[in-house]
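What follows is a set of notes on a single structure, which appears directly below.
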Amino acid sequence: MHISGTTTLLGLIGTPVAHSKSPAMYNHCFQKFGLDWAYLAFDVPAEQAGAAVEAIRTLHMRGANVTMPCKNAVIPYLDRLTPAAAAIQAVNTIVNEDGCLVGHNTDGCGYTQNLRRSGVEVAGKKIVLLGGGGAASAIAIQAALEGAAEISVFNLKDAFWPRVEQNLAAIAKAAPGCAITLHDLEDRAELKDAIARCDILSNATRVGMAPYEDQSNITDLTWFRPDLVVTDVVYAPPATKMLRQARQAGCKTCDGLGMLLCQGAEAFRLYSGLDMPVEEIRALLYA
Ligand code: NAD
């Protein structure tokens, strides 16, 4: 990689970041497209999010991806938010538009784009969304903005519940055309009924990743049917127990790794206007 006096910097901010594949992914794309850009990972705790955002301005960086715990902490220091980022108060991509720092959230776009690559649009669809945390909120606001008809969210009735209620109220206000409801994940009769009526079943809980890699939120395999589209946000492992169950039942599935790559591709498009070669990156970094 050639770095010169004209090279523009981009980066990742959050902590921990040492394990991140973002530098390899973006630098590969910069080289592939001949962009005089370089991407580094910066370990930044939430208390230093403001200083990191100021550095984007001072160093004339093209932008930055933002990961935990800075997704909310960067917001007061930005100039503008997209409607999706504003509704869920979470930014994962900052783009420097000639000195104006715009906060985006590409997780939801990554989800819908990953579905689109499999020929599925969310517009007009009924979605059952398992989970109400960060990933679920990003999916809910994007699906609602893209015209999903109904989103039935199922979360455990734990300490997280009041926050889920608040998040969903903000999403419903930002996208009033979509009917969004919240239900108890442990109410199996209601869950079964909602899945029977929906087009897309989406897991956005931590179930499926360690230490829950041997678990699925769906324990009755008769709830899957071949015309149900089943998706997961968990990307490690990409073939979660729920997706394996769904494939056995003949469902079309979309994995969390595809979503992860598509959210990165959306950030790359925002930075450069170019299309990331998603399959090439998947083979390069996740084979
Ligand atoms: P979060 O902490 O904000 O939310 C976690 C959610 O999981 C909550 O709804 C919580 O109630 C639920 N949950 C936790 N333990 C559970 C259990 N035992 N049973 C049922 N529900 C349970 O986390 P998050 O940031 O939303 O991340 C959730 C998952 O999404 C993680 O696996 C994360 O790696 C993944 N993720 C993937 C992408 C992607 O691009 N593919 C993007 C963001 C997050």
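When a ligand or atom number is given, it counts from 1 through the structure's own listing order. Just so you know, these numbers come straight off a predicted model, no measurement behind them.
- Using a 4.0 Å cut-off between a side-chain N of Lys or Arg and a carboxylate O of Asp or Glu, E97 and R62 qualify as a salt bridge.
- Counting heavy-atom neighbours within 6.0 Å of R57 CZ, excluding the residue itself, gives a total above 12.
- Checking Q215, K157, M209 against atom 33 (C) of ligand 1, the nearest heavy atom belongs to M209.
- Protein heavy atom at the shortest distance from atom 36 (N) of ligand 1 is V233 O, 4.0 Å.
- Partners of V278 by side chain to side chain contact (heavy atoms under 4.5 Å, CB included), not counting sequence neighbours, listed by chain and number: R117, L261, A265.
- For G131, no nitrogen or oxygen atom sits less than 3.5 Å from a nitrogen or oxygen atom of ligand 1, counting backbone and side chain alike.
- With hydrogens and angles left out, the side-chain atoms of Q245 and S216 include a donor and acceptor closer than 3.5 Å.
- Atoms of ligand 1 found under 4.0 Å from any heavy atom of V234 (numbered from 1 in listed order, with element): 32 (O).
- Aromatic ring orientation, F268 versus Y26: tilted (interplanar angle from 30° to 60°).
- Side-chain N/O atoms of H183 and T181 include a donor and acceptor closer than 3.5 Å.
- For the residue pair Q113 / R116, a side-chain donor-acceptor distance below 3.5 Å is found, with atom types taken as modelled.
- The shortest contact between atom 4 (O) of ligand 1 and any protein heavy atom is with G133 CA, 3.5 Å.
- Comparing heavy-atom distances from atom 40 (O) of ligand 1 across N167, L130, L260 singles out L260 as nearest.
- For atom 44 (C) of ligand 1, the nearest non-hydrogen atom from the set G208, A236, A136, A135 comes from A135.
- Polar contact with ligand 1: present for G256 (N/O pair, distance under 3.5 Å).
- When the heavy-atom distances from atom 6 (C) of ligand 1 to L261, V164, T205 are ranked, the shortest goes to T205.
- At least one N/O-N/O distance between N155 and ligand 1 falls below 3.5 Å.
- Of the protein's heavy atoms, R206 NE, 3.7 Å lies nearest to atom 5 (C) of ligand 1.
- Counting heavy atoms closer than 4.0 Å to ligand 1, residue Y111 contributes nothing at all.
- Side-chain N/O atoms of T6 and D36 include a donor and acceptor closer than 3.5 Å.
- Summarising the contacts of atom 18 (N) of ligand 1 with Y235, F160, Y212, the nearest heavy atom is found in Y212.
- Between N217 and Y212, the side chains place no donor N or O within less than 3.5 Å of an acceptor N or O (distance only, hydrogens not considered).
- Residue contacts with ligand 1, taken as heavy atom pairs separated by less than 4.0 Å, involve V207 solely via side-chain atoms from C-beta onward.
- The number of heavy atoms from other shown groups lying within 6.0 Å of CZ (R197) is above 12.
- Taking atom 3 (O) of ligand 1 as the reference point, the nearest protein heavy-atom neighbour is G134 N, 2.9 Å.
- Which parts of ligand 1 touch L185 is read off a 4.0 Å heavy-atom cut-off, strictly below it: atoms 20 (C).
- With distances taken over non-hydrogen atoms, the option nearest atom 39 (C) of ligand 1 out of R163, E186, M259 is M259.
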K32 and E280: salt bridge (Lys or Arg N to Asp or Glu O under 4.0 Å), yes or no, with the steps?
CA-CA 11 Å; K32 184 180 175 79; E280 182 181 318; 2.9 Å; yes
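- Taking 4.0 Å as the cut-off, G132 counts as a neighbour of ligand 1 on heavy-atom distance.
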